[in-house]
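What follows is a short report on a single structure.
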Amino acid sequence: MASVRRVCQVICIVFTLILLAIGGILLAATIRALMLEDTDYQYSAYEGGLIDDIPASYLETLPQIFADALKIPTVSKEPGDYDREQLLKFHQFLRDNFPNVFNSSFIKVEVINTYSLLFTIMGSDENVQPYLLASHMDVVPVDENKWSNPPFSGRIMHDPDIGELYIWGRGAIDDKSGVMGIMMALEYLVISGFQPKRKFYVAFGHDEEVNGYDGAYHISKTLLARNVTLDFLLDEGMPILEGVIKGMDVPVAVIGVTEKGWMRVKVEVEGEGGHSSIPPKDQVVTRLSKAIYNLGRYPQPSMFGTGPESDLFNYLAPKASWPYKLVFANLWLFRPLLEMVMSASRETNAFLRTTTAATIVRAGVKENVVPTSGYAIVNHRVHPAQSLEDVLQHDIDIIGDAKVKVSVDQQRAAHPVSPYGPKVPGWRLIASTLQHFFPKVVAAPGMLVANTDTIHYLNLTSCVYRFMPIFLDNTLIYTIHTHNERLPVSAVINEVRYYHRLILSADVDVPPIEDIRPGHRSGEL
Ligand SMILES: CCCCCCCC/C=C\CCCCCCCC(=O)N[C@@H](Cc1ccccc1)C(=O)O
Ligand SMILES: [Zn+2]
Ligand SMILES: [Zn+2]
């Protein structure tokens, strides 16, 4: 009896100690979350005593010009297969609508490789390092029938449910918003008599959607041949996310300091064919389907917390709502929980792991002929913490079928991490300009889950940022590269104001040339 009591006592003590330990850990985590300094990563806006904002009379004219830009179908289909005629038409459209930029005495406009554009805005002070704003003029193809408004109509429509005017059309977000935002800001700057001290470049590629080798690659080569090095580069990228990240009631500007790698895997099957009325048991299409199904069913492993994306949560934690603040501030404890939550939605899942999308499937030529071969193209966006070899090996293991040939068609490694933080001039400029207009927005470093022309510009600077100064919620994000792409009129106005302010601030908030650190190191400074 006494020994049973003794065992009970020991169990009680152990149980109490475990509870105390859990309580202690939770208390420590809560204290850590409570002690977060709310203003840690807020930057004060730069006040340079310059003409600050654009007058309403100019801004009012912009939505229609933006809409007109969407009417020109500058579609890219495959590498080398882009609509040359429409691209030239788009050049003319820019010339017609931005005459002050094209005729300015201090702006040199060059056509690169026939279809891309490079603007050099001369500065009066040669001692400061230039920067580059990049975008692309081409767009992805459309499936016309799926659109509620025609994709190249540039229709401006009121959405009564949201109470906003939207400009509809392919490229409204990706990436004529970038081209038009920069051009409309630059035009106003020239009109208003601004002439920069600091030189900068504006580069518009013409084939980003099919890898940029005819456009951005040549622009970069041109700049390199002139021995240009840049302080920083800003290209398309993550938008300001509204309601996308759970626990963030405020919008989050995820500034891409790196971007995922890219891999094109070909999955091929060969087999027995014949008359469809006497089909073989083992059919090519069935085997191929099973392989594709398994790739979707067993995703690539989560890499959360092992890559450059993890610092995002350090930036978000001070502004997160409870109980997410507790989670974001204590990834050492809650990483598995956060991983589970993030895996559940497609946009946050892309942040955790290499994604897998079967985008092309081909087999068969006629209904009553059993095909003897078939293939699928699988597009991976590779998490920076996973090696390209591991991605392929996972595919091979998951498919687990020796009769299915799995091979890499093309691949690109993830990009290096650009420096970020309050001491990095380019980052500071991008983040502070944002907070000037939208003080509630949190600017945080992140990873772009898609790819951009920046691959061609990596040799011009180590400070490469991928960011679009437009607010997007889950509805609008899902229109990129599919039907019903559109942008609120207010977003167009705001981005023009953003680029305008950025260019003004860049002229005063500049690093002296000798202050450029040799080979910026990755991560925060
Ligand atoms: C906790 C973090 C949440 C993360 C949420 C992610 C939400 C993502 C939202 C928007 C992504 C916008 C991406 C815009 C840039 C798109 C650029 C683009 O489409 N590029 C092409 C380039 C390409 C690459 C390879 C072959 C051909 C073309 C692409 O990536 O497909
Ligand atoms: Zn794009
Ligand atoms: Zn795109």
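Just follow the structure's listing: the first ligand is 1, and inside any ligand the first atom is 1. Everything quoted here is computed from the prediction, not taken from an experiment. Side chains are part of it too, since the values below use all heavy atoms of this structure and drop only hydrogens, waters and symmetry mates.
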Check: Ser116/His206 side-chain N/O donor and acceptor closer than 3.5 Å: yes
Do Thr74 and Lys176 pair up side chain to side chain, a donor and an acceptor below 3.5 Å, judged on atom types alone? yes
Picking from Thr354, Asp395, Thr355, what satisfies side chain to side chain donor-acceptor pair (under 3.5 Å) with His380? Asp395
Option with minimal heavy-atom separation from atom 6 (C) of ligand 1, where the choices are Glu259, Met468, Met238, Arg466: Met238
Verify the distance criterion only: is there a donor paired with an acceptor across the side chains of Asn149 and Tyr166 at less than 3.5 Å? no
Please report which non-hydrogen protein atom sits nearest to atom 29 (C) of ligand 1, along with the residue it belongs to and the distance in Å to one decimal place. Arg381 NH1, 3.4 Å
Which is the closest N/O/S atom of Glu209 when seen from the Zn ion (ligand 3)? OE2
Residue pair Tyr115 / Asp138, side-chain donor-acceptor N/O under 3.5 Å: no
Can you tell me which residue and heavy atom of the protein come closest to atom 15 (C) of ligand 1, and the distance to 0.1 Å? Glu236 OE1, 3.8 Å
Exercise: do Ser148 and Asn484 side chains pair donor with acceptor under 3.5 Å: yes
Is there a side-chain contact between Gln410 and Trp262, using heavy atoms and a 4.5 Å cut-off? yes
Evaluate Glu208 for polar contact with ligand 1, using N/O atom pairs at a separation under 3.5 Å. yes
Over-ring placement of Arg95 relative to Phe98, 6.0 Å and 45° cut-offs: no
Contact check: Glu208 to the Zn ion (ligand 2), N/O/S below 2.8 Å: no
Considering only protein heavy atoms, which is closest to atom 28 (C) of ligand 1, and at what distance to one decimal place? Glu209 O, 3.2 Å
Hey, is the Zn ion (ligand 3) within less than 2.8 Å of some N/O/S atom on His481? yes
Can you tell me if, anywhere in Asp175, an N/O/S atom lies at a distance from the Zn ion (ligand 3) that is smaller than 2.8 Å? no
Mind checking whether Ala350 has a heavy atom under 4.0 Å from ligand 1? no
Has Pro239 got any heavy atom lying under 4.0 angstrom from an atom of ligand 1? yes
For atom 5 (C) of ligand 1, the closest protein heavy atom turns out to be Glu347 O, 3.6 Å
Any Thr452 heavy atom less than 4.0 Å to ligand 1: no
Among the N/O/S atoms of Asp174, select the one at the shortest distance from the Zn ion (ligand 2) and name it. OD1
Looking only at protein heavy atoms, what sits closest to atom 3 (C) of ligand 1 is Thr348 CG2, 3.9 Å
Side chains of His136 and Asp174: donor-acceptor distance under 3.5 Å anywhere? yes
Protein heavy atom at shortest distance from atom 17 (C) of ligand 1: Asn451 O, 3.2 Å
Report yes or no: does Glu236 have an N/O/S atom closer than 2.8 Å to the Zn ion (ligand 3)? no
Exceeds 12 heavy-atom contacts within 6.0 angstrom, atom OH of Tyr217: no
Decide whether Asn451 and Glu208 meet the rule of one side-chain donor and one side-chain acceptor closer than 3.5 Å. no
Decide whether an N or O pair under 3.5 Å exists between His481 and ligand 1. yes
Of Phe467, Trp262, Phe351, the one whose closest heavy atom lies nearest atom 2 (C) of ligand 1 is Phe351
Looking at side-chain heavy atoms only, is the closest gap between Trp168 and Leu70 below 4.5 Å? no
Say whether Asp174 and ligand 1 are in contact under the criterion: heavy-atom distance to a ligand atom below 4.0 Å. yes
